[in-house]
**Q** 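Dropping a structure here in structure tokens format, bear with me for questions.
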2 protein chains.
Amino acid sequence: MTAEAKTPQRTKHRTRDAEATKARILKAALNEFSRNGLGGARVDVIAEKADANKRMLYHYFGSKEELFQTVLENAYIDIRDAEQKLDLDHLPPKEALERLVRFTWEYYLKHPEFITLVNSENLHRAKHLKKSEIVKIYSRRFVSMVDTILQRGVASGEFRPGIDPVQLNITIAAIGYYYLTNRFTGSIIFERDLMAKEALEERLRFNIDTILRLVSA
Amino acid sequence: MTAEAKTPQRTKHRTRDAEATKARILKAALNEFSRNGLGGARVDVIAEKADANKRMLYHYFGSKEELFQTVLENAYIDIRDAEQKLDLDHLPPKEALERLVRFTWEYYLKHPEFITLVNSENLHRAKHLKKSEIVKIYSRRFVSMVDTILQRGVASGEFRPGIDPVQLNITIAAIGYYYLTNRFTGSIIFERDLMAKEALEERLRFNIDTILRLVSA
DNA sequence: CAAACAAGTAACCAGTTAGTGCGTTATCGA
DNA sequence: TCGATAACGCACTAACTGGTTACTTGTTTG
């Protein structure tokens with residue numbers, strides 16, 4: 001099952017490197033948590049995947065839940081950072097919005113772990129995110145991003161006024177997130193492969209269309 | 001925590017009733033699975049909540065996974081049945097669509113277990129749903145329902161042609177499902193109580209608007 | 001009404017789980 | 001080079017987990 005997993009040859013003497021070990025544990029934890037959820041993830045498996053001793057995991061992160069919280073925080077920081085880099089303020093409103101819809105879709109597609117992590121966190125009523133101050137700070141910048149696009153669009157007459165940026169934000173996420181998180185049950189119920197190349201492209205086009213129709217004047 | 005749980009007084013001699021016991025187990029399982037997911041659910045807890053012996057659970061359902069499959073099947077059958085009862089064919093297309101959006105939203109709101117169950121099933125790559133023939137049959141009727149509305153709307157000139165009923169179906173589900181399944185993380189990130197009465201009403205209005213704008217000619 | 005069967009129960013088991021106690025070894029500043 | 005510190009690892013455990021064994025008790029029917 002994990003034949004190729006122990007990539008770094010298990011030399012008896014690996015040079016000591018706290019940061020590297022931490023990073024390996026974090027990477028393995030992200031993988032295991034996203035694959036099986038917080039409840040289904042196994043601490044022993046994380047340690048093994050990280051080619052680290054379980055004792056190190058507890059030394060650096062304290063407990064399974066604290067490790068989960070760190071992994072979750074990192075995941076949120078990563079997506080928010082990527083969003084900021086989009087630099088939408090220099091684009092015409094319509095193009096900015098289209099680009100955001102496309103980005104959101106492609107990010108979810110490239111990082112299915114993010115979706116699974118968020119699902120797991122909601123199953124636990126966001127108890128870990130509640131404690132995370134850093135995520136709250138990042139979130140504010142994100143919400144105001146869409147707000148700015150919306151305002152510019154209204155000013156130029158392209159968008160209709162009165163749209164709640166939070167509702168728009170949620171909708172942009174929803175139409176991509178739902179499709180991808182429920183891709184397995186969806187493929188059965190709709191009797192088509194939702195993950196086929198053309199199906200994915202069609203969905204992205206549909207989503208851009210949905211959002212533009214929603215905001216158009 | 002479960003002070004009032006053992007509602008039926010634990011008389012030493014309860015009259016024997018296989019169907020009632022089965023039903024109690026199923027109800028308790030739905031509760032436990034939706035609260036904690038398949039992995040997080042505990043068989044002992046289900047038995048206790050059902051006020052039944054764990055052996056009965058294995059006698060009637062075989063294993064934890066088979067019990068989960070039954071619970072999941074029942075949940076799908078319930079929502080499909082409710083949808084059929086909407087009787088949308090006798091309504092003008094626009095009203096029919098609005099009613100479907102409203103129904104979907106309210107069903108998710110009333111039955112959060114359904115959402116959690118579906119999430120759990122997707123974490124397991126739909127391995128249980130794959131085996132369920134009955135759900136596939138029910139799904140077909142459901143997809144054709146939206147297709148019919150769409151066709152009637154195009155014929156009357158109210159809707160634009162060329163809309164894929166599957167994409168529309170997915171979108172209707174998505175804008176409600178995402179909001180509700182991520183209500184905990186969402187309330188933190190957007191710094192507002194997404195479950196407040198006015199917030200829910202606003203979201204429903206927004207969703208109806210989104211779908212009508214999407215299909216309008 | 002007795003025997004056959006189904007419903008129901010308690011105690012138990014083997015494997016797993018998150019978490020630790022304690023000893024070893026590499027690294028680095030003095 | 002020495003000794004302090006931090007990285008690392010083995011082996012353990014107490015509690016838990018899904019599943020079972022062996023049994024009792026109620027119900028039905030020839």
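Side-chain atoms are counted along with the backbone in the values below, which use heavy atoms only and exclude waters and symmetry mates. Keep in mind that this is a model prediction, so the values were computed, not measured. Proteins get letters first, then strands, A, B, ... in listed order; numbering begins at 1 in each.
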**Q** Where the side chain of B/Y58 is defined as all heavy atoms beyond and including C-beta, which of C/dA7, D/dG19, C/dG19 is the nearest nucleotide?
**A** D/dG19
**Q** Quick check: any donor-acceptor pair below 3.5 Å linking the side-chain of B/R55 to the base of D/dT20?
**A** no
**Q** Check the orientation of A/H124 and A/F68. Use parallel for under 30°, tilted for 30 to 60°, and perpendicular for over 60°.
**A** tilted
**Q** So do B/E191 and A/R140 actually touch side chain to side chain, heavy atoms under 4.5 Å?
**A** yes
**Q** Which nucleotide wins on minimum distance to the side chain of A/D44, given the candidates C/dG8, C/dA18, D/dG18?
**A** C/dA18
**Q** Is B/R42 near enough to D/dG18 that one of its side-chain N or O atoms lies under 4.0 angstrom from OP1 or OP2?
**A** yes
**Q** Does NZ or CZ of A/R99 come closer than 6.0 Å to the centre of the six-membered ring of A/F103, within 45° of the ring's axis?
**A** no
**Q** Between atom CD in B/E48 and atom P in D/dT17, what is the gap in whole Å?
**A** 12 Å
**Q** Quick one: label A/A47 by what it contacts on the DNA or RNA (base, sugar-phosphate, nothing), any heavy atom closer than 4.0 Å.
**A** nothing
**Q** Rounded to whole angstrom units, what separation is found between the CD1 atom of A/I25 and the P atom of D/dA7?
**A** 11 Å
**Q** D/dC10 C1' sits how many Å from A/M56 CE, rounded?
**A** 12 Å
**Q** May I ask you to evaluate whether B/T21 reaches the phosphate of C/dG8, defined as a side-chain N or O under 4.0 Å from OP1 or OP2?
**A** yes
**Q** Ignoring hydrogens and angles, does a donor from either the side chain of A/K54 or the base of D/dG9 sit under 3.5 Å from an acceptor on the other?
**A** no
**Q** Ignoring hydrogens and angles, answer whether the base of C/dG19 and the side-chain atoms of A/K64 contain a donor-acceptor pair closer than 3.5 Å.
**A** no
**Q** From the list D/dG9, C/dA7, C/dA18, which nucleotide is the closest neighbour of the side chain of A/N53?
**A** D/dG9
**Q** Within the pair B/Y60 and C/dG8, is there a side-chain N or O less than 4.0 Å away from OP1 or OP2?
**A** yes
**Q** Quickly work out the B/H59 NE2 to C/dC5 C1' distance and round it to whole Å.
**A** 11 Å
**Q** Using the test ring pair (Phe, Tyr, Trp, His ring centres under 6.0 Å), find all partners of B/F114 that sit at least two apart in sequence or belong to another chain.
**A** B/Y76
**Q** Select base, sugar-phosphate, or nothing to describe what B/A20 touches, counting heavy atoms under 4.0 Å on all strands.
**A** nothing
**Q** Between A/I175 and A/I211, is there a side-chain heavy-atom distance shorter than 4.5 Å?
**A** yes
**Q** D/dG18 P sits how many Å from B/E66 CD, rounded?
**A** 15 Å
**Q** Rounding to an integer number of Å, can you tell me how far B/L67 CG sits from D/dG19 P?
**A** 10 Å
